[in-house]
Amino acid sequence: MQEKIDKLVQWLRDQVSSAGLNGAVVGISGGIDSAVVAHLIKRAFPDHSLGLIMPCKSNPKDMEDALKVVESCGIEHLVIDLTEAHRVLFGAVEHELKAIGKWKEEKARLGDANTRARLRMTTLYAVANNYGYLVVGTDNAAEWHTGYFTKYGDGGVDLVPLIHFTKGEVREMGRLLGVPEEIIKKAPSAGLWEGQTDESEMGTTYEMIDKYLKGEDIPERDRNIIEKLHERSHHKRQLAIAPPKF
């Protein structure tokens with residue numbers, strides 16, 4: 001794993017160099033994946049890396065954990081609170097849809113959450129543009145395979161260094177990099193709403209997804225869930241679809 005870390009650090013340097021840019025930025029959520037990426041880009045670009053903390057109707061504990069990540073790797077960081085921007089944007093959408101009688105309350109929670117993810121993406125690119133940095137994503141192999149990310153939200157990035165690593169491997173990487181143990185053991189959550197966890201949303205566990213991706217036997221129920229998630233999220237792993245030339 002240490003060899004893989006070294007190769008990832010060099011790969012990050014190569015990608016930024018080939019793009020003719022200066023460094024890298026990552027959104028730090030307080031979870032293990034973004035913690036690992038923060039450590040990686042700090043190693044790759046000691047003087048040209050940035051961690052962006054973007055609370056948006058967030059649990060204060062996530063801010064505390066994000067700051068622990070910053071402290072653990074020594075990365076430069078900014079905090080940009082998006083709560084008010086989200087209120088204005090999503091409030092305008094709700095107001096206009098209600099005005100024409102098209103607002104669907106049952107869709108609101110997911111729409112709210114996805115808008116937060118896309119606001120964070122927009123903020124990351126605005127900051128990246130200022131610094132001349134690439135935006136580095138945090139999706140791991142399990143999230144990529146199941147589509148557990150927001151299209152053009154946390155999926156809207158330039159580089160995806162963790163895409164071939166299972167959740168277990170990301171945790172192993174975190175320990176070698178010096179990520180705080182409490183972050184490594186923290187229940188994975190996108191912080192979408194109170195009590196939300198990744199595994200409760202997916203209906204299976206990262207352990208089962210990791211085993212599936214490694215070709216190991218898992219219960220049929222979990223296999224069916226994983227395969228349905230993969231099939232349903234196919235569009236998320238594609239570029240915008242164009243018609244053939246007529």
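Note: hydrogens, waters and symmetry copies are ignored here, and every other heavy atom, side chains too, is used.
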Dump the intermediate steps for side-chain contact (heavy atoms from CB on, under 4.5 Å) on Ile5 and Arg43, then the final yes or no.
-> CA-CA 10 Å; Ile5 288 172; Arg43 288 194 179 195; 4.1 Å; yes

Residues passing the ring pair (Phe, Tyr, Trp, His ring centres under 6.0 Å) test with His77, sequence neighbours excluded, are none

Applying salt bridge (Lys or Arg N to Asp or Glu O under 4.0 Å), which residue pairs with at least one partner in residues 148-164 are found, sequence neighbours left out?
-> none

May I ask you to say whether Glu182 pairs ionically with Lys186, meaning some side-chain N is under 4.0 Å from a carboxylate O?
-> no

Evaluate the side-chain contact (heavy atoms from CB on, under 4.5 Å) criterion for residues Leu40 and Met173: first the C-alpha distance (whole Å), next the side-chain angles of each, then the deciding distance (0.1 Å), finally the verdict.
-> CA-CA 10 Å; Leu40 287 172; Met173 198 183 299; 4.3 Å; yes

Taking only residues two or more places apart in sequence, or in another chain, which ones meet Glu220 in a salt bridge (charged side-chain N to carboxylate O under 4.0 Å, His left out)?
-> none

Checking Arg120 side chain against Gly27 main chain: does a donor-acceptor pair fall under 3.5 Å?
-> no

Do His86 side-chain atoms and Asp112 backbone N/O form a donor-acceptor pair below 3.5 Å?
-> yes

With under 30° as parallel and over 60° as perpendicular, where do the rings of Tyr133 and His48 fit, or are they tilted in between?
-> perpendicular

Between CG on residue Leu159 and OG1 on residue Thr138, distance to nearest 0.5 Å = 12.5 Å

More than 12 heavy atoms of other residues, nucleotides or ligands under 6.0 Å from CD of Glu94: is that the case?
-> yes

Using the ring of each side chain (for Trp, its six-membered ring), is Trp103 parallel, tilted or perpendicular to Phe90, with breaks at 30° and 60°?
-> perpendicular

Donor on one side chain, acceptor on other, Ser29 and Ser34, under 3.5 Å = yes

Going through the distances and angles, do Val136 and Val157 end up as a side-chain contact (heavy atoms from CB on, under 4.5 Å)?
-> CA-CA 6 Å; Val136 185; Val157 295; over 6 Å; no

Test item: Ser72 side-chain N/O and Val69 main-chain N/O as donor-acceptor pair under 3.5 Å | yes

Atom pair CD1 (Ile53) and CD1 (Ile80), whose distance is rounded to the nearest 0.5 Å | 10.5 Å

Heavy-atom pair with the smallest gap, counting every atom of Gly111 and Thr115 = O-OG1, 2.7 Å

After noting the C-alpha distance and the side-chain angles of Lys211 and Asp222, does the key distance pass the side-chain contact (heavy atoms from CB on, under 4.5 Å) rule?
-> CA-CA 10 Å; Lys211 287 183 176 180; Asp222 294 277; over 6 Å; no

Atom pair CG (Asp139) and NE2 (His145), whose distance is rounded to the nearest 0.5 Å = 14.0 Å

Taking atom CG of Asn114 and atom OG1 of Thr150, what is their separation to the nearest 0.5 Å?
-> 4.0 Å

Distance only, no hydrogens: is a donor on one side chain within 3.5 Å (strictly under) of an acceptor on the other, for Asp6 and Gln10?
-> no

Kindly write out the residues that satisfy ring pair (Phe, Tyr, Trp, His ring centres under 6.0 Å) with His164, not counting sequence neighbours, or none if the list is empty.
-> none

Is any NZ, NE, NH1 or NH2 atom of the basic residue among Glu64 and Lys61 found under 4.0 Å from an Asp or Glu carboxylate oxygen of the other?
-> no

Residue set satisfying salt bridge (charged side-chain N to carboxylate O under 4.0 Å, His left out) with Lys228, at least two apart, ordered chain then number -> none

Which is it for Arg237 and Ser233 under the side chain to side chain donor-acceptor pair (under 3.5 Å) test, yes or no, and what are the steps along the way?
-> CA-CA 7 Å; Arg237 293 178 291 273; Ser233 62; 2.9 Å; yes

Taking Glu227 for its side chain and Asn224 for its backbone only, find out whether a donor-acceptor pair lies under 3.5 Å.
-> no

Test: Glu181 and Arg175 ion pair at under 4.0 Å | yes

Distance (rounded to the nearest 0.5 Å) between Phe45 CZ and Asn22 CG = 9.5 Å

Any donor-acceptor pair under 3.5 Å from Lys167 side chain to Asn140 backbone = no

Return the minimal non-hydrogen interatomic distance between Gly156 and Tyr125, and the atom names on each side.
-> O-CE1, 3.3 Å

Report the residues that fulfil salt bridge (charged side-chain N to carboxylate O under 4.0 Å, His left out) with Lys107, sequence neighbours left out, ordered by chain and then residue number.
-> none

Shortest non-hydrogen contact between Val36 and Leu162, atoms and distance | CG1-CD2, 4.0 Å

Closest non-hydrogen atoms of Pro180 and Lys68, given as atom of the first, atom of the second and distance, are CG-O, 4.1 Å

Residues Val26 and Ala38: closest non-hydrogen pair is CG1-CA, 4.0 Å

Quick check: does any side chain N or O of Thr83 sit under 3.5 Å from a backbone N or O of Lys57, one acting as donor and the other as acceptor?
-> yes

Can you tell me how far CD1 of Ile225 sits from OG1 of Thr146, rounded to the nearest 0.5 angstrom?
-> 11.5 Å

Identify the heavy atoms of Gly51 and Ile28 that sit nearest to each other, and give their distance.
-> CA-CD1, 3.6 Å

Counting distance only, does the side-chain N/O of Ser18 pair as donor-acceptor with the main-chain N or O of Asp14 below 3.5 Å?
-> yes

